[in-house]
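Take a look at the structure set out below.
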Amino acid sequence: MPVATDDIIRFLEEKESKEGALPEFLKFYQQLLHVQSRVERNLTSRLEPGLSREAINKRINSGVPLISFDELALDWPLLTSTFDEVKAVFAGHAELFNSSLERLAALSADTLLARQTLKTWYEKQKLPARIPVKNVAKKLINSIIHATMKPFLTSHARKLTDFIDQGRWRRGYCPICGGSPDFASLDTERGSRWLLCSRCDTEWLFQRLQCPYCNTQDQNDLSYFTDDAGLYRLYICKRCKQYLKTIDRRQTEGRILLPIERFLTLDMDRQAMEMGYKPH
Ligand SMILES: [Zn+2]
Ligand SMILES: [Zn+2]
């Protein structure tokens with residue numbers, strides 16, 4: 001089961017009371033989580049799995065994710081208000097993104113939440129080539145859309161995750177939403193590798209000796225580095241020049257909240273990029 005957003009909120013509150021004020025990027029993340037948690041609570045009681053067990057198995061066997069864009073039950077008024085709240089959180093921390101409050105505050109839900117824009121984002125994992133936004137980097141717009149859509153995707157994913165036959169999927173994209181992984185963990189039982197969806201936080205089983213981005217299995221292209229404590233691994237692929245941050249659950253008895261590990265390991269991103277590798 002994916003980590004509950006409220007557990008991450010509690011983790012950050014405890015961290016704050018133990019260590020004092022959180023760094024700016026964690027404060028930003030904390031505020032975003034509050035917005036996303038409210039939306040998840042609103043949606044959870046209303047959503048149904050929507051697919052029969054048979055339909056789920058059929059899609060899993062043929063590599064089709066369980067939710068297509070048209071099957072996402074998007075509540076547009078809620079989506080619009082979520083966008084406004086998310087935008088305000090980004091605007092309040094604009095300096096983290098080399099932007100300004102005014103520029104971010106000027107973004108309009110009317111242009112960014114157009115059905116076709118979101119459909120393109122969902123299916124291609126990027127925004128349409130021509131998106132009518134001035135003065136804000138496209139990468140940042142992408143992050144705002146991502147953060148807005150996130151609670152909708154996680155709420156849908158939670159209804160479906162238990163029905164996935166993990167042994168039958170094993171693909172480089174998410175079985176629920178088709179998103180790419182941006183983190184991974186090695187499990188305590190056998191050190192099997194589980195990928196974490198960057199969009200809906202679903203985890204799925206994937207071969208350790210294969211790159212999930214370009215699918216190469218050539219061992220000359222694949223390697224990893226570990227940190228001093230052996231807790232983290234940075235998997236790199238020389239073929240597609242991308243990397244994947246990974247935590248080894250066998251190395252700790254503490255509870256791991258995977259979604260927040262993305263933010264606690266930013267040094268690994270820096271290292272990977274210095275070595276010439278890109279995030280997916
Ligand atoms: Zn997903
Ligand atoms: Zn690769």
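Remember, it's 1-based here, ligands and their atoms both numbered in the order they're listed.
Contact between A94 and L101 at its shortest, heavy atoms only, is CB-N, 3.6 Å. For the pair V3 and L258, the tightest heavy-atom approach, listed with the atom from each and the gap, is CG2-N, 4.1 Å.
Checked against the 6.0 Å centroid threshold, F90 and F28 count as a close aromatic pair.
Between D201 and R158 there is no salt bridge, since no side-chain nitrogen of the basic residue lies less than 4.0 Å from a carboxylate oxygen of the acidic one. Using a cut-off of 4.0 Å between Lys/Arg side-chain N and Asp/Glu carboxylate O, K238 and D218 are scored as not salt-bridged.
For the pair R193 and Y235, the cation-pi criterion (under 6.0 Å, within 45° of the ring axis) is fulfilled.
Under 2.8 Å from the Zn ion (ligand 2), one finds the following protein N/O/S atoms: C211 SG, C214 SG, C237 SG, C240 SG. Protein atoms that are N, O or S and lie under 2.8 Å from the Zn ion (ligand 1) are these: C174 SG, C177 SG, C197 SG, C200 SG.
If you take OG1 on T265 and CG on L234, they are separated by 9.5 Å, rounding to the nearest 0.5 Å.
In terms of hydrophobic clustering, with Ile, Leu, Val, Met, Phe, Trp and Tyr side chains grouped at heavy-atom distances under 4.5 Å, L196 and L33 are assigned to different clusters.
Residues Y232 and E261 have side chains that bring a donor and an acceptor to within less than 3.5 angstrom of each other.
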